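Note that the structure is a prediction, hence the values are computed from the model and not measured.
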There are 2 protein chains.
Amino acid sequence: MKFSTRSTYGLKAMIHLAQNWQKGSIPLSAIANNENISLGYLERIFAVLKKAKLVKSEKGASGGYALSRSPEDIDVYSIINTLEGEASSFHCVEKGDKVYCGKKCECSVEPALLKVARAISAALKDIKLSDLIG
Amino acid sequence: MKFSTRSTYGLKAMIHLAQNWQKGSIPLSAIANNENISLGYLERIFAVLKKAKLVKSEKGASGGYALSRSPEDIDVYSIINTLEGEASSFHCVEKGDKVYCGKKCECSVEPALLKVARAISAALKDIKLSDLIG
DNA sequence: TTATCTCCTACTAAATTAGTCGGTATTTTG
DNA sequence: CAAAATACCGACTAATTTAGTAGGAGATAA
């Protein structure tokens, strides 16, 4: 529930892109400077965002990144989920290794945790990038 | 947004206590066995929960822990927040009247992150332990 | 008096985080 | 064409956090 700087940086950068949605590609160096984020780290964050098709890129001078869809069509859940792995998921104890609730897990209180996780997911899905600009 | 096992264990244990709310004190060993959680780890988790006055304890044989208030009066936010530190917090977000970043940062998108954080907090505050039992 | 309990501190192995560094490939621009 | 700017890629690392263990001390009920 504490967000990592990865999520924070990623979300901030996505908001930055949303604010400049009409301007075409924005180089990461601009975002890194503006938001005071390490460029190298931001690059790796964007590799993940691109893989999830949340952003598209253009190489070369005057290249950069842009949102792959309009800000109304990207919700915060997708971003956090992409950067943090299974967003709003609890661990469930099972012998051996960890299993996420929602997969095969027989703990008695699991439905309760699932309820909580779903409430968070719903709250995040309800917030679009377009709600966070202006 | 991924919950640590600390939060997961803590929340599961709190739900366990809520389910047995009328039965008086429950020893941690019972919870640890039932939910397959390491006892020593659970003890430390409960030290935190107790400090936050979410549970009360009784020492000695036939002692144990119980919720400090009725399940209707304890929300999930309090639990997660207690165990995870500032729940639903981003880096570079206000806490009180200070801005947190680690570095000094003049982040422009901060209000947006705050909006997201508040949505999550609200969702969690809305869920009481009593909603998670039965 | 003995078995359960809470409570406390210290240690640790493993994982994750938050980077850095150095280099390659691609594209625009002077 | 050459240089600069950009995405892209992998390896390394230091610090922190996580998820425990271990070994007790003190309280209480049976």
Original post:
Can you find a donor-acceptor N/O pair under 3.5 angstrom joining the side chain of B:Arg44 to the base of C:dT9?
Top reply: no

Subject >> Whether A:Ser57 side chain and A:Tyr65 backbone form a donor-acceptor pair below 3.5 Å >> reply: no

**OP:** Nearest whole angstrom, please: distance from the C1' of D:dA5 to the OH of A:Tyr65.
**Re:** 14 Å

Original post:
Going by distance alone, is a donor N or O of one side chain under 3.5 Å from an acceptor N or O of the other, for A:Ser78 and A:Asn81?
Top reply: no

Original post:
If only atom types and distance count, is the side chain of B:Thr5 paired as donor or acceptor with the main-chain N or O of B:Thr8 below 3.5 Å?
Top reply: no

**OP:** Using atom CD of A:Glu58 as one end and atom C1' of C:dA25 as the other, report the distance to the nearest whole Å.
**Re:** 16 Å

Original post:
For B:Lys128, does its backbone N or O pair with a side-chain atom of B:Asp131 as donor and acceptor, under 3.5 Å?
Top reply: yes

Original post:
Which of the following nucleotides, C:dT27, C:dC5, D:dT21, is nearest to the side chain of B:Ser29?
Top reply: C:dC5

Subject >> Chi angles and distances behind the side chain to side chain contact (heavy atoms under 4.5 Å, CB included) call for A:Leu54, A:Phe46 >> reply: CA-CA 9 Å; A:Leu54 291 170; A:Phe46 267 75; over 6 Å; no

**OP:** Tell me what A:Glu43 touches on the nucleic acid: a base, only sugar-phosphate, or nothing, going by heavy atoms under 4.0 Å.
**Re:** base

**OP:** Answer with base, sugar-phosphate or nothing: what part of the nucleic acid does B:Phe46 contact at a heavy-atom distance below 4.0 Å?
**Re:** nothing

Original post:
Has B:Ser38 got a side-chain N or O lying under 4.0 Å from the OP1 or OP2 atom of D:dT21?
Top reply: yes

Original post:
For the pair made of CG in A:Leu49 and P in D:dA7, what is the distance, rounded to whole Å?
Top reply: 13 Å

**OP:** Please state whether the phosphate of D:dA7, meaning OP1 or OP2, lies under 4.0 angstrom from any side-chain nitrogen or oxygen of A:Lys50.
**Re:** no

Original post:
Atom CD1 of A:Ile26 to atom P of D:dT6: distance rounded to whole Å?
Top reply: 11 Å

Original post:
Which nucleotide in the list C:dT6, C:dA3, D:dT6 gets nearest to the side chain of B:Ala61?
Top reply: C:dA3

Original post:
Between C:dG19 atom P and A:Ile45 atom CD1, what is the distance in whole Å?
Top reply: 8 Å

Original post:
Does a side-chain N or O from B:Ser4 land closer than 4.0 Å to OP1 or OP2 of D:dT18, or not?
Top reply: no

**OP:** Specify the separation, in whole Å, of atom CD1 of A:Ile37 and atom C1' of C:dT20.
**Re:** 16 Å

Original post:
What is the distance, rounded to the nearest whole Å, between atom CZ of B:Phe3 and atom P of D:dA19?
Top reply: 13 Å

Original post:
Does B:Ser57 put a side-chain nitrogen or oxygen below 4.0 Å from OP1 or OP2 of C:dC7?
Top reply: yes

Original post:
In terms of the nearest nucleotide of DNA chain C, which residue is placed more toward the 5' end: B:Ser62 or A:Arg6?
Top reply: B:Ser62

Original post:
Is there a side-chain polar atom (N or O) of B:Tyr9 under 4.0 Å from OP1 or OP2 of D:dA19?
Top reply: no

Original post:
Starting at NZ of A:Lys59 and ending at C1' of C:dT29, how long is that distance when rounded to a whole Å?
Top reply: 19 Å

**OP:** Considering just the side-chain nitrogens and oxygens of A:Tyr41, establish if one lies under 4.0 Å of OP1 or OP2 belonging to D:dT13.
**Re:** no

